Amino acid sequence: MSEQHYPLVPAQPSYPEVEERVLARWRKDGTFRRSVEARPEGPEEYVFYDGPPFANGMPHFGHLLTGYVKDIVPRYQTMRGHRVERRFGWDCHGLPAEMETEKELGVSGRAAIIEYGIDRFNDYCRKSVYNYTEQWQEIVHRSARWVDFKNDYKTMDLSYMESILWGFKTLHEKGLLYESFRVMPYSWAAQTPLSNFETRLDDSYRERTDPAITVRFELVPESGEPPTRVLAWTTTPWTLPSNLALAVGPEIDYAILEGNGERLILGAALVPKYESELEGYEPVGMRKGRDLVGRRYEPLFPYFSDVEKAFRIVGAEFVDVEEGTGVVHMAPGFGEDDMDVCRAEGIPEVVPVDDAGNFTAEVVDYAGQHVFDANKPIIQDLKARGAVLRHESYVHNYPHCWRTDEPLIYRAMNSWYVKVTDIRERMVELNQQINWIPGHVKDGIFGNWLAGARDWSISRNRFWGAPIPVWKSDDPKFPRMDVYGSLDELERDFGVRPDDLHRPAIDELVRPNPDDPSGKAMMRRIPDVLDCWFESGSMFYAQNHYPFEKREWFEEHFPADFIVEYVAQTRGWFYNMMVLSTALFDRPPFLNCICHGVAMAEDGKKLSKRLRNYPEPTEVFKTHGSDALRWYLVASPLLKGGDLKIEIDGKPIGDVVRNVLNPLWSAWYFFSLYANADGVVASETREASGVLDRYVLAKTRELVDRATEAMDAYDIAGACQAFLAFLDALNNWYIRRSRPRFWKSEQDADKQAAYDTLYTALTTACRVAAPLLPLTTDEIHQGLCGGESVHLRDWPDAEALPQDAELVADMDRVREICSAAFAMRRGEKVRVRQPLASLTIAGAEMNRLVPYVDLIEDEVNVKEVRLSPEITDFADFRLQVNARALGPRLGKDTKEVIAASKQGQWKRDGDGVEVAGHRLEEGEYELKLVPKGDLACHALPSGDTVLVLDFELTEKLVREGLARDVIRAVQQCRRDAELNVSDPIVLSLKLPDELRAAVSDFRESVAEATLAERIDLDEGLLGEDVFRQTTRVGSHDVEVALQKAKAA
RNA sequence: AGGCGGAUGGCUCAGGAGCAGAGCGCCGGUCUGAUAUGCCGGAGGUCGGGGGUGCAAUUCCCUCUCCGCCCA
């Protein structure tokens, strides 16, 4: 046995085992750190920002997908020579943590938390952040994602939070913050306002049945007028006690109806909808809305009857007659439009609802009742007073809180806002500097969202978050507001340097108001904390404690070269970073951004832990491995922004093993098997002489070119596609056709060339696929290159490999010819082992096929390949018009030309052709070959080549075919006997006469093919170590006996 | 409600104004001294409904219906 220079590998490995092995090696060797540190710091660095996930559960396929992309691109850029630091980030603050803590501690609501103690509450939140970090690290590690956990950032770190203070103060100084009392979506269950985009992030709109009532409002009578009532419609009866006005559309027609001793006013277009209620009422007039404006009415409830300027009909453009009565009841404390209209009219708002959604004492009759519970008694009261014309149920989509699932209300609140509208235009401009993948996101989903951006509410009336660094005087006689942007500033004014910026410690910083000479007024922090989105959107500066540390580092690492998250983050993280980056630095926060689609469960629904509608990622790791999952996800439509249904049994992931991992491994197995058998050491080569070697090197070059182009365009699926095409050429053509060169016993230059070429193709392929299959390729690469990790290598240099487009085109044509020949054999039901006399190839440029004649003869198993330029002997031309080129020129006649060409009604006309009275020039048509009907003929799909296969069999050909059948039987026997591929044997065959004659005729080739030193056809093989087998060849039984030949 | 995406073979999805594609599944065949988890071939689709623009629409426009997603 020769010396072995490569590991012996199994034909089919357990990929999960391979992966565990590679992971252990990485850990032991510190491969990740080494790969980063091997690249220089400085301007050549490639900057990646990791979006912080909120880890309140185990990662699912969606997280993994993002993680894979977060790994692939940095690995690629690292191989391209760039240093890529990868810090993991954790999103720690905000409602998700608070809600979880409320549930686990059994305290619910602001009051309960304050009673429980903000310090204890926040301590629990702080701990809960760590609940899943370990499992996350484990899964991220197992998925072969390289990311730095040790040096991670957390949004709750003191340094991070100090940067947040800086960001807030800087916005304030730039005049981009304001405080305002406005109507906002409010979660009474979470006891916090939500920003407008939070109400759109989750699928928060969902069906809800509410009461809808049509209410009579009694007008203050004008002289001589019978009792007159205006009808208004609402689905929120609980806002009626806060009603302060009624709105009509100035241009809308309102009908006046009379009956039952009263007059009713409602939108004329809506009268038919109230047919049954209005029976007995007669129309007595019609008024435009503007003629109703200014009329006073009686308050429905007494609670706010003294509010100035209230209880009038006002005009509002937004009123329509789509629904209701064409008259809108206005409660300016609970509706955005209502507040706008009423403020314009000088009507103040009233908000008699507390933080928990209960009526306050102002509304005496319902005080303490939750607003939704109060709907019922309010309706009953109104009915008792005869104020309700109709009471119905109304099913509509209604916004719900994304954390608590409870319905939101709209409520006027005090909140801090970022003046996004001031920088909106600039964001739209800066967005043009960003390369979005897929491209339509830029001016589609993201661009549109930016263009319609609204001011961002960033204060939360909660506990676990970065504090709003605003201190106000507690005495309105000495108004003063201080905004702090650093620990230094806090220390300067309060005399202590906080080591924790969380509540309640931060609230304890109090000092006398310097503007109050008596010293009694105190400066106190406003109790709100920041929206946690403000914090994650600040990561690009806060993760490195900007501007307090590493300022230069920041300058060099901003904006990011690359980020990736799923597409909905166009409303979340992408957007918030854009706002803050534009506001603070007037630059885009990132330059390339992949938005991937949504991984869904097999049932087409979103992945749901509760429904368990998806397999555990860890199970997939155990069965198919991480590389297969990685490939499955990133080669899918997900990266083009599409959604993907993940099958629960993971079958498509198994397909990846079969279609990607196995072919790659098979090539590696083949190499190691024969290289070890021959004791060969292969090395990389840049040139070759044989057509097969030159072909596969050119294919390798093509792989590098295509993959580079794809990866540079962030088209990961495209890189996968290129790799698959290469694997096919390598396995099913190069290796398949080159096998005899590896088998032969001479250790000559041709054999070495074959090894070197295969070695080059394999090592290059591993490097190209390293980001896509980091574990499997590393195992193979280490085997090929003496233990060197593929991830420490550079991306292959395409220029080092020969480019030969002509050779590739010719060889691909040859492959097509062979494929077509096999199809013809199948048509005639003639097995490939049966040699045929000849294959005639007719078509253009036949001379280019000359170097491949032997190869075709061998592959197709024919004695002779004839190349013929006489195409018309075998085939006719069919005219195929190029409608795309012709259409613009011929217009209406195009159809006729197409029809005529299909019927063969055309003739050649010099350089062109004539069809239906038109002359077609070159480029406007193509001539395709169609075999003549009576020949065993086959045309290539390209239409430029036809094949004729001679199926006439001579006695000799038949015998040769039979001999090959016997060879096949012997080879099977060798394999069943578990012989080594290079073991010589002694062979004995017991054959029927026909086969015996065939083997006699072709004794030499049988012996050569089966490595038989001796073939015995008469006496049979006797002895201990004889392997015997009876198999069927055609319709005959054949007895094969063989024995490993004794070493000479 | 809104924003966005989607509807193409049994399934998962590409494509894109000019003879409808891939993978899987199915059916049939078959090479093999690396790989039958391979290779070759085949069947299978009036490209969701309706309207419009065009010489030409599955593709562009309008509309309807249905589905999906919305802190990865």
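From a predicted model like this one, the values you see are computed outputs, not experimental measurements. In what follows, chains are A, B, ... by sequence order, proteins preceding strands, each numbered from 1.
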Report the glycosidic orientation of B:G54: syn if within 90° of 0, anti in every other case.
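It is syn.
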
Exercise: do A:N732 and A:D728 side chains pair donor with acceptor under 3.5 Å
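Yes, because at least one side-chain N or O of A:N732 sits under 3.5 Å from a partner of the opposite role on A:D728.
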
What I want to check is whether the side chains of A:Y632 and A:D627 have a donor and an acceptor closer together than 3.5 Å.
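The criterion, which ignores hydrogens and geometry beyond distance, is not satisfied for A:D627 and A:Y632.
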
What is the distance, rounded to the nearest whole Å, between atom [atom1] of [X] and atom [atom2] of [N]?
| X | N | atom1 | atom2 | result |
| --- | --- | --- | --- | --- |
| A:F670 | B:G38 | CZ | P | 19 Å |
| A:R739 | B:C39 | CZ | P | 13 Å |
| A:E816 | B:C40 | CD | P | 12 Å |
| A:Y669 | B:G38 | OH | P | 17 Å |
| A:L450 | B:C4 | CG | C1' | 14 Å |
| A:N732 | B:U35 | CG | C1' | 9 Å |
| A:F822 | B:U32 | CZ | C1' | 12 Å |
| A:I817 | B:C40 | CD1 | P | 16 Å |

For [N], give its Watson-Crick or G-U wobble partner with both distances under 3.5 Å, or none.
| N | result |
| --- | --- |
| B:A17 | none |
| B:U59 | none |
| B:G3 | B:C69 |
| B:A22 | B:U12 |
| B:C39 | B:G29 |

What is the nucleic acid contact for [X], judged by heavy atoms within less than 4.0 Å: base, sugar-phosphate only, or nothing?
| X | result |
| --- | --- |
| A:L1011 | base |
| A:Q12 | base |
| A:L65 | nothing |
| A:N731 | base |

Say we look at [N] and [M]: how far apart would their [atom1] atoms be, to the nearest angstrom?
| N | M | atom1 | value |
| --- | --- | --- | --- |
| B:G51 | B:G15 | P | 28 Å |
| B:G9 | B:G21 | C1' | 10 Å |
| B:A43 | B:A20 | P | 15 Å |
| B:C27 | B:C13 | C1' | 23 Å |
| B:G28 | B:U32 | P | 22 Å |
| B:A72 | B:G10 | C1' | 32 Å |
| B:A56 | B:G41 | P | 37 Å |
| B:G23 | B:A17 | P | 23 Å |

Do the side-chain N or O atoms of [X] get closer than 4.0 angstrom to the phosphate oxygens (OP1, OP2) of [N]?
| X | N | result |
| --- | --- | --- |
| A:Q971 | B:G33 | yes |
| A:N662 | B:U37 | no |
| A:R889 | B:C55 | no |
| A:R975 | B:U35 | yes |

So does A:R737 pair up with A:D858, basic N to acidic O under 4.0 Å?
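Salt bridge flag = yes for A:D858 with A:R737.
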
Does the protein touch nucleotides 24-30 of chain B at the base, only the backbone, or not at all? Give it as B, S and - per nucleotide, heavy atoms under 4.0 Å.
SS--BS-

On the 0 to 90° scale, with breaks at 30° and 60°, tag the [X]-[Y] ring pair as parallel, tilted or perpendicular.
| X | Y | value |
| --- | --- | --- |
| A:W449 | A:Y575 | perpendicular |
| A:Y566 | A:H596 | tilted |
| A:Y755 | A:F671 | perpendicular |

Which is it for A:W456 and A:N576 under the side-chain hydrogen bond (donor to acceptor under 3.5 Å, both in side chains) test, yes or no, and what are the steps along the way?
CA-CA 9 Å; A:W456 174 16; A:N576 297 323; 4.7 Å; no

Give the nucleotide from the list B:C39, B:A72, B:G33 with an atom nearest to the side chain of A:H60.
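Of the options given, the side chain of A:H60 lies nearest B:A72.
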
Could you work out which one of B:G3, B:U35, B:A72 sits closest to the side chain of A:R571?
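Of the options given, the side chain of A:R571 lies nearest B:G3.
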
Look at the side chain of A:R736 against the base of B:U32 and say whether a donor-acceptor pair falls under 3.5 Å; ignore hydrogens and angles.
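Check fails, no donor-acceptor contact within cut-off.
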
In Å, rounded to the nearest 0.5 Å, how long is the span from CD of A:E535 to CG of A:L530?
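Going from CD on A:E535 over to CG on A:L530, the span is 6.0 Å.
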
Given the side-chain rings of A:F574 and A:W436, with only the six-membered ring counted for Trp, is the space between their centroids under 6.0 Å?
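A:F574 vs A:W436: aromatic centres under 6.0 Å.
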
Pair A:W90 + A:F88: ring centers closer than 6.0 Å
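Ring centroids of A:W90 and A:F88 are less than 6.0 Å from each other.
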
Is A:W743 stacked on the base of B:G33, with ring centres under 5.5 Å apart and planes under 30° apart?
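Stacked: ring centres under 5.5 Å, planes under 30°.
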
On RNA chain B, compare the nucleotides closest to A:R964 and A:P53; which residue's is nearer the 5' end?
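Per heavy-atom nearest nucleotide, the more 5' residue is A:R964.
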
